[in-house]
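A short write-up of the structure that comes next.
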Amino acid sequence: MKITDGEVLHVAALARIRLDNSEARGLRSDLDKILGYMDILAAVDTTGVNPTHHPLPLVNAMRDDREQGCQDLADVLRNAPQHEDGYIAVPRVI
Amino acid sequence: MLETARQYRRCKKSPVEKTRAFLEKIRSDTFNAFITVDEAGALQGAQVAEELLKSPDAGALAGIPVAIKDNICTRGVRTTCASKILSGFVPTYDATVVKKLKEQGAVILGKTNLDEFAMGSTTTSSIAGPTRNPRDPSRTPGGSSGGSGAAVAAGLCAGALGSDTGGSIRMPASFCGITGLKPTYGSVSRYGLVAFASSLDQIGPMAPTARDAAVLFDAIKGYDPLDSTSVPRDYGPTDLDGIDLKGLRIGVPEEFFGEGLNQEVKAAVQSGIAVLEDMGGRIVEVGLPHAGYGVAVFYIVATAEASSNLARYDGVRYGLRVQDPLDLGDMYARTRATGFGPEVKRRIMLGTYVLSAGYYDAYYRKASQVRTLIAEDFRSAFSRCDIIAGPTTPVTAFRLDEMIDDPLSLYLLDIYTIPANLAGLPALSMPCGFDSLGLPVGMQLMAPHFREDLLLGAGISFQDRTAYHQEGS
């Protein structure tokens, strides 16, 4: 077994997704099968091979530090589920 | 597309008439290709195009009605990603590709269906329900850009944009019998494309022919300071007359013709390659020894990136927020539980797992190293050939009611398309024949970085010589 019930719940907590019991069971079995397939990578000798995180050798893209226009606040707030006085509102944190 | 452009110039038809005709056809669409149709916006765009066409400088796209995959932002028109979690979201800006299309006078008809967050190969995991394949409505159009594929194949638009992270343009192009191009990573701006896996995602054209795909590609490509992975370079126009295939070295990797490839697909692709050879191409055997590891690498790298990219859907700034949360943590966890569908959850979970403490080296780091080997395979293959040819998918479009309820088997359908994404290479799918049921088969061509000219040129020349792209539609 690649992944336990406990690990599924731990990963769900990290990913901030609440799972019910049947979902957790289904995911454990799916992930187990998928992770089992990933074992084929163990056969590849990667000693001394650099990882690729990006397909092209680009370096940092910088621009001049100059003021630019931005989106309209009213437009942006229209998408917010809840807002007050020009701020996005969320449940009490402290 | 080009024929419509000519009709406009001879004043045989007007963009408003043409747009009305497409909207009328979309109203009776039975394939469920669109999530949102923007009738008012389209007619307004058509009127703007009529003005543009009064100038002799108007481009080929002026007044051409196109459709946009619904994971690409359109100002003032809701963008859903086919997900409940984006309910109510209306972008405040246009994606760079949409802005470019509008500037050139293209008419945006609406937003096409997809698998939720472009994660899938069937266009079934959508809040809008599944899209059906116009070639046979009992079958899937492929995915994830299945709405765009179906809209083009059914003649509901002149062309469309899709996005391709592991084959999402090429697979529906293959299943629907149209032409689709995944451009070189960095050649088309991703600004305004809702991110799935940022080191793999690319926007590209889907169209009835390679020539039309070239017109769309020319319109959207180019450097964009708003996308930090956009590549600054000279992007010249594509030669719409095609290329002379004489002496073109066509690499055929044996790894793409092995176990798992349907025999009828194999035969059609081989006959397509024979046409290229007949036109003067020189067949060269090449090896891509690590390509078979592509699916494993992809579903580690792509899900890892997705788990990070999709962290933004938290119920705070836009989209769904559950009612009466106990606290912030409860709001995040329940909003995401309610808003994401099963495949998206599966991928976020997988991506979170492979990045988590204790597993990072075994999965993510290992996969990123094998990704290097896959890219090196291509570099070495392209020292011996100019383009690589093979199948796009191992099978033709399958029936929606025969769909296997096993994620891994669906992932394996991406086996021939994934390597180009991992290496950032351009790749094109175009029709090269049919199976015994009359379903289209796609041939995939791949080229070195920024050599879309070879792919589109070969595609145009191939289609001038064959009729597969016209048959059955």
Side-chain angles (χ1 to χ4, degrees), chain A residues 2-3 7-8 10-20 23-24 26-28 30-31 33-56 58 60-63 71-83 88-93, chain B residues 88-90 92-93 185-186 199 225 228-231 290 293 295-297 299-300 307 311 314-321 325-334 336-337 340 345-346 348-350 352-353 356 363 365-373 375 406-408 411 422-424 449:
Chain A
K2 286 273 167 197
I3 183 166
E7 280 176 316
V8 167
H10 172 64
V11 170
L14 289 176
R16 304 285 188 272
I17 297 175
R18 184 145 313 160
L19 298 179
D20 63 34
E23 251 184 323
L27 274 167
R28 200 205 62 76
D30 288 347
L31 295 181
K33 209 186 285 179
I34 296 165
L35 291 167
Y37 174 74
M38 305 306 186
D39 279 349
I40 61 167
L41 294 180
V44 188
D45 181 5
T46 49
T47 321
V49 176
N50 284 323
T52 294
H53 299 300
H54 190 280
L56 296 172
L58 286 172
N60 283 345
M62 309 291 251
R63 66 169 174 82
Q71 292 173 46
D72 183 67
L73 181 64
D75 271 357
V76 173
L77 286 177
R78 252 193 294 279
N79 275 314
Q82 203 188 337
H83 60 90
I88 289 168
V90 292
R92 197 184 177 88
V93 180
Chain B
F89 173 63
V90 178
T92 54
Y93 62 95
Y185 185 84
S199 82
S228 61
T229 57
S230 175
V231 178
H290 297 93
Y293 299 106
V295 174
V297 170
Y299 281 92
I300 291 170
S307 74
D314 52 10
V316 174
R317 287 147 300 165
Y318 39 71
L320 181 78
R321 179 189 290 189
L326 297 173
D327 54 31
L328 208 53
D330 180 59
M331 184 181 91
Y332 297 152
R334 283 202 294 122
R336 291 162 64 78
F340 291 134
K345 284 182 192 169
R346 199 177 287 126
I348 292 175
M349 290 283 292
L350 182 59
T352 307
Y353 177 81
S356 65
Y363 291 104
R365 187 177 157 79
K366 181 80 181 181
S368 303
Q369 287 174 309
V370 180
R371 184 177 182 182
T372 304
L373 298 175
D406 170 29
L408 186 58
Y411 297 172
L422 292 173
H449 294 131

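This structure is a prediction, so every number in the text was calculated from the model and none was measured. Note on naming: letters A, B, ... go to the chains in the order of the sequence lines (proteins, then strands), and numbering restarts at 1 for each one.
- Most heavy-atom pairs under 4.5 Å with chain B, from the set A:D30, A:D39, A:D20, A:L14: that is A:D30.
- With a 4.5 angstrom heavy-atom cutoff, A:V93 touches chain B only via side-chain atoms.
- When every heavy atom of A:N79 is checked against every heavy atom of B:G88, the shortest pair comes out as OD1-O, 3.5 Å.
- Between A:L56 and B:Y185, the shortest heavy-atom distance links the atoms CD1-O, 2.9 Å.
- Taking chain A as the reference chain and counting heavy-atom pairs below 4.5 Å, the highest number among B:G424, B:G186, B:A337, B:A333 is found for B:A333.
- Both the backbone and the side chain of A:I17 come within contact range of chain B, judged by heavy atoms closer than 4.5 Å.
- Residues B:L350 and A:L35 form a side-chain contact, since some pair of their non-hydrogen atoms from C-beta on lies under 4.5 Å apart.
- Interface summary for chain B: among A:I88, A:N60, A:V76, A:L41, the most heavy-atom pairs under 4.5 angstrom belong to A:L41.
- Counting heavy-atom pairs under 4.5 Å between each of B:V297, B:V316, B:I348 and chain A puts B:V316 at the top.
- Heavy-atom distances place the side chain of A:L31, and not its backbone, under 4.5 Å from chain B.
- B:K366 places none of its side-chain heavy atoms less than 4.5 Å from the side chain of A:M38.
- Residue B:A375 does not touch chain A at all, counting heavy-atom pairs closer than 4.5 Å.
- Neither the backbone nor the side chain of A:A13 comes within less than 4.5 Å of any heavy atom in chain B.
- Contact annotation: the side chain of A:P91 never approaches that of B:D327 to less than 4.5 Å [non-hydrogen atoms, C-beta and beyond].
- Heavy atoms of B:A311 lying under 4.5 Å from chain A are absent altogether.
- Atoms CZ and NZ, from A:R18 and B:K345 in turn, are 11.5 Å apart once rounded to the nearest 0.5 Å.
- Shown here for B:G319 and A:P81, the closest heavy-atom pair between the two residues is O-CG, 3.6 Å.
- Only the side chain of A:L19 comes within contact range of chain B, with heavy atoms under 4.5 Å apart.
- The two residues A:I34 and B:P407 make their nearest non-hydrogen contact at CD1-CB, 4.4 Å.
- Only the backbone of B:L422 comes within contact range of chain A, judged by heavy atoms closer than 4.5 Å.
- Here the straight-line distance linking atom NE2 of A:H53 with atom OG of B:S368 works out to 5.0 Å at 0.5 Å rounding.
- Residue with the most contacts toward chain B among A:Q71, A:M62, A:H83, A:E23: A:Q71 (heavy-atom pairs, distance under 4.5 Å).
- In A:R92, the CZ atom is not crowded: 12 or fewer heavy atoms of neighbouring residues, nucleotides or ligands sit closer than 6.0 Å.
- The minimum heavy-atom distance linking A:T52 with B:R371 is given by the pair O-CD, 3.6 Å.
- For A:I40, the parts sitting under 4.5 Å from any heavy atom of chain B are the backbone and the side chain alike.
- Taken from CG in A:D75 to OH in B:Y93, the straight-line distance is 13.0 Å, to the nearest 0.5 Å.
- Taking 4.5 Å as the limit, some side-chain heavy atom of A:V8 sits within range of a side-chain heavy atom of B:M349.
- Between B:D314 and A:R16, every side-chain heavy-atom pair lies at or beyond the 4.5 Å cut-off.
- How far OH of B:Y411 is from OH of A:Y37: 12.0 Å, rounded to the nearest 0.5 Å.
- Highest contact tally toward chain A, considering only B:R321, B:H290, B:R346, B:M331, is held by B:R321 [criterion: heavy-atom pairs under 4.5 Å].
- With hydrogens and angles ignored, the 3.5 Å screen pairs no side-chain donor or acceptor of A:R78 with any backbone N or O of B:T92.
- Looking at B:S307, there are no atoms closer than 4.5 Å to chain A (heavy atoms on both sides), in backbone or side chain.
- The backbone N or O of A:N50 lies less than 3.5 Å from a partner atom in the side chain of B:T372, making a donor-acceptor pair.
- In terms of heavy-atom proximity, A:A61 sits nearest to B:S228 at CB-O, 3.6 Å.
- Taking 4.5 Å as the limit, every side-chain heavy atom of B:Q369 sits out of range of all side-chain heavy atoms of A:V44.
- Of the atoms belonging to B:D406, it is side-chain heavy atoms, and not backbone ones, that fall under 4.5 Å from chain A.
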